[in-house]
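Data first, discussion second: the structure below is written as structure tokens.
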Amino acid sequence: MTDKFPALNENKVVQQLSTQTPLLWHNPRRLSTIEGLQHVGLTLEDVQDAANRLQRFAPLIAEAFPESRARGGIIESEIVEIPAMQQALAQQCPLHGKLWLKKDSHLPISGSIKARGGIYEVLVLAEKLALESGEFSEQDDYRQLLTPHFRQLFGRYKIAVGSTGNLGLSIGIMGATLGFQVVVHMSADAREWKKQRLRDHHVTVVEHQNDYSVAVEQGRQMAADDPYCFFIDDEHSPTLFLGYAVAGLRLPAQLAALGITVDQQHPLYVYLPCGVGGGPGGVAFGLKLAFGDAVRCYFAEPTHSPCMLLGLSTGYHDAISVQDIGLDNHTLADGLAVGRASGFVGRAMQSLIDGCYTLSDQRLSDLQLLLHHTENLQLEPSALAGMQGPLWMSNDTNPSPHAALDHATHLVWATGGSMVPKEEMQRYLAMGNLP
């Protein structure tokens with residue numbers, strides 16, 4: 001199967017992955033939350049610091065982006081029940097508990113989960129440069145950073161990033177709004193409309209005919225040669241990770257407002273589409289801080305690109321890629337088309353993540369069409385990866401002994417979709433089949 005890792009030739013999980021056989025994998029290395037948090041290298045205080053920074057920037061965000069004003073400049077999404085989708089899925093497999101959707105697909109500014117981490121890292125950089133200038137303090141009105149004076153300051157600097165699309169959108173839009181020169185290295189999987197959206201914001205787009213890892217490496221090299229260029233590293237950035245983690249701390253209040261109880265008798269299952277791992281890893285970290293052992297977090301990946309499951313299950317993390325086991329890393333789910341997982345996220349979360357599962361591209365398309373048909377909601381294909389999770393849990397022959405599924409809340413994290421052009425969405429929907 002693989003010459004580079006001959007010891008894996010008899011590994012049953014790797015065998016299933018290499019043949020693109022959908023599977024559910026429970027993490028045998030998972031520890032209790034209290035124990036697992038010791039291995040992350042970040043703390044609750046770090047996430048609270050990130051939340052406080054986002055609060056300081058809220059007036060600026062509300063000023064710059066009218067669509068964020070309803071929440072006072074706080075970048076957050078609603079949680080909605082999707083009963084018609086649950087009923088449709090129950091026709092395929094009896095479902096236990098209630099099904100909800102976390103609509104990061106409709107976050108303001110860039111319409112995806114990347115609006116959390118990507119925008120946050122740009123804000124961290126802007127605050128740092130403004131404070132270092134000696135002309136700004138944390139007590140000042142952050143809307144000042146939108147003035148020509150500070151835009152000129154930020155304009156001396158470049159921001160570079162490698163992306164399959166959505167991270168580039170969030171960083172490009174926010175960076176350009178503040179006046180930074182932004183260069184986004186886009187992988188071959190990136191959609192043309194995302195590239196054009198960036199160009200419309202005067203962002204430089206560099207196209208690569210290779211996959212995500214090559215785009216990231218090119219961005220990294222560019223930044224290394226330029227002292228005025230900051231590289232936002234989706235593979236290794238604790239800052240991105242913390243931006244995502246804030247979502248976890250906000251969730252208890254959102255669920256409480258909906259009358260949803262989360263405890264050992266009423267567990268919360270969260271299904272997170274996973275590419276390189278920063279977004280789902282950060283959110284899962286925040287959720288574990290917020291709910292402890294009452295939350296179960298599962299990463300969802302396409303069968304062509306199961307890089308995090310491969311890295312976690314083998315323990316090789318970023319030392320192994322899906323190409324090493326014969327997979328092509330070509331998937332309809334462009335945001336998840338990543339061949340090599342983040343080693344930082346894999347090692348940080350290897351004792352906390354509850355498991356991973358995979359599903360085919362056709363299944364993504366079928367779920368996308370079913371959600372459109374039942375709830376009139378349109379998401380990107382990659383966002384539907386989470387929708388298979390409740391079926392895996394309900395059909396699992398080896399469930400966790402504490403899993404009170406009848407009283408469970410299933411939360412599918414919708415990671416993108418609201419900015420997809422209508423014509424593109426119609427092409428996506430045409431690929432699906434209703435049961």
Side-chain angles (χ1 to χ4, degrees), residues 22-25 77-107 111-113 166 247 267-275 279-280 283-284 287 295-306 308-309 331-337 354-396 405 408-418 420 425 428-435:
L23 79 154
L24 169 65
W25 174 79
S77 66
E78 64 176 338
I79 297 170
V80 296
E81 193 172 5
I82 44 175
M85 184 66 173
Q86 177 163 358
Q87 186 176 10
L89 290 175
Q91 300 300 312
Q92 302 173 27
C93 170
L95 288 185
H96 305 275
K98 280 196 173 182
L99 182 62
W100 297 77
L101 189 72
K102 177 65 170 162
K103 293 177 68 175
D104 271 14
S105 50
H106 291 68
L107 280 173
S112 82
I113 189 174
N166 285 343
L268 172 65
Y269 285 79
V270 182
Y271 310 103
L272 296 148
C274 182
V283 171
L287 291 170
V295 66
R296 297 287 175 262
C297 299
Y298 287 84
F299 291 166
E301 299 181 284
T303 53
H304 284 261
S305 306
M308 184 58 74
L309 200 167
T331 172
L332 178 67
D334 55 297
L336 310 184
D354 292 86
C356 306
Y357 64 83
T358 62
L359 71 169
S360 70
D361 276 20
Q362 186 58 56
R363 184 60 178 160
L364 287 170
S365 293
D366 294 348
L367 289 167
Q368 184 183 29
L369 181 60
L370 189 60
L371 184 67
H372 167 73
H373 181 74
T374 57
E375 301 284 355
N376 194 28
L377 284 169
Q378 294 79 43
L379 306 180
E380 283 187 293
S382 56
L384 273 300
M387 202 63 73
Q388 187 70 17
L391 295 175
W392 273 119
M393 292 303 113
S394 296
N395 202 33
D396 186 17
L405 281 176
T409 297
H410 299 279
L411 185 61
V412 174
W413 212 279
T415 48
S418 63
V420 176
M425 184 59 70
Y428 282 143
L429 294 173
M431 298 178 189
N433 299 302
L434 292 174

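When the salt bridge (charged side-chain N to carboxylate O under 4.0 Å, His left out) test is applied to Glu301, no partner is found at least two apart in sequence or on another chain. A search for side-chain contact (heavy atoms from CB on, under 4.5 Å) contacts involving Ser418 returns His106, not counting sequence neighbours. The side-chain contact (heavy atoms from CB on, under 4.5 Å) search around Thr331 returns Pro302, His304, Ser305, Ala333, Ala337, Asp361, not counting sequence neighbours.
Taking the side chain as every heavy atom from C-beta outward, Leu377 and Lys103 approach each other to under 4.5 Å. In this structure, Glu380 and Val420 have side chains that are in contact, with non-hydrogen atoms separated by less than 4.5 Å. Between Ser365 and Tyr428, every side-chain heavy-atom pair lies at or beyond the 4.5 Å cut-off. Within the 4.5 Å cutoff, the side chain of Met85 has heavy atoms near those of the Leu367 side chain. Looking at Val270 and Arg296, their side chains never come closer than 4.5 Å, going by heavy atoms from C-beta outward. Counting only heavy atoms from C-beta outward, the side chains of Leu101 and Met387 approach each other to under 4.5 Å. Considering only heavy atoms from C-beta on, Met425 comes within 4.5 Å of Gln368 through its side chain. Using a 4.5 Å heavy-atom cutoff, the side chains of Pro22 and Thr303 are in contact.
Nearest heavy atom pair, residue Gly386 against residue Ala300, reads N-CB, 4.1 Å. Scanning all heavy atoms of the two residues, the minimum distance from Tyr357 to Gly389 falls at OH-N, 3.0 Å. Considering every non-hydrogen atom in both Gln362 and Asn433, the closest pair reads NE2-ND2, 3.4 Å. Smallest separation of non-hydrogen atoms from Trp100 and Glu81: CE3-N, 3.2 Å.
Here the straight-line distance linking atom SG of Cys356 with atom CG of Leu24 works out to 9.0 Å at 0.5 Å rounding. The distance from the CG atom of Leu391 to the NE2 atom of His410 is 9.5 Å, given to the nearest 0.5 Å.
Ring orientation note: the planes of Tyr298 and Tyr269 are close to parallel, at an angle under 30° on the 30°/60° scale.
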**OP:** Could you walk me through whether Thr358 and Leu309 pass side chain to side chain contact (heavy atoms under 4.5 Å, CB included), step by step?
**Re:** CA-CA 8 Å; Thr358 62; Leu309 200 167; 3.9 Å; yes
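Looking at Leu364, Val412, Ile113, Leu336 one by one, the single match for side chain to side chain contact (heavy atoms under 4.5 Å, CB included) with Pro273 turns out to be Leu336.
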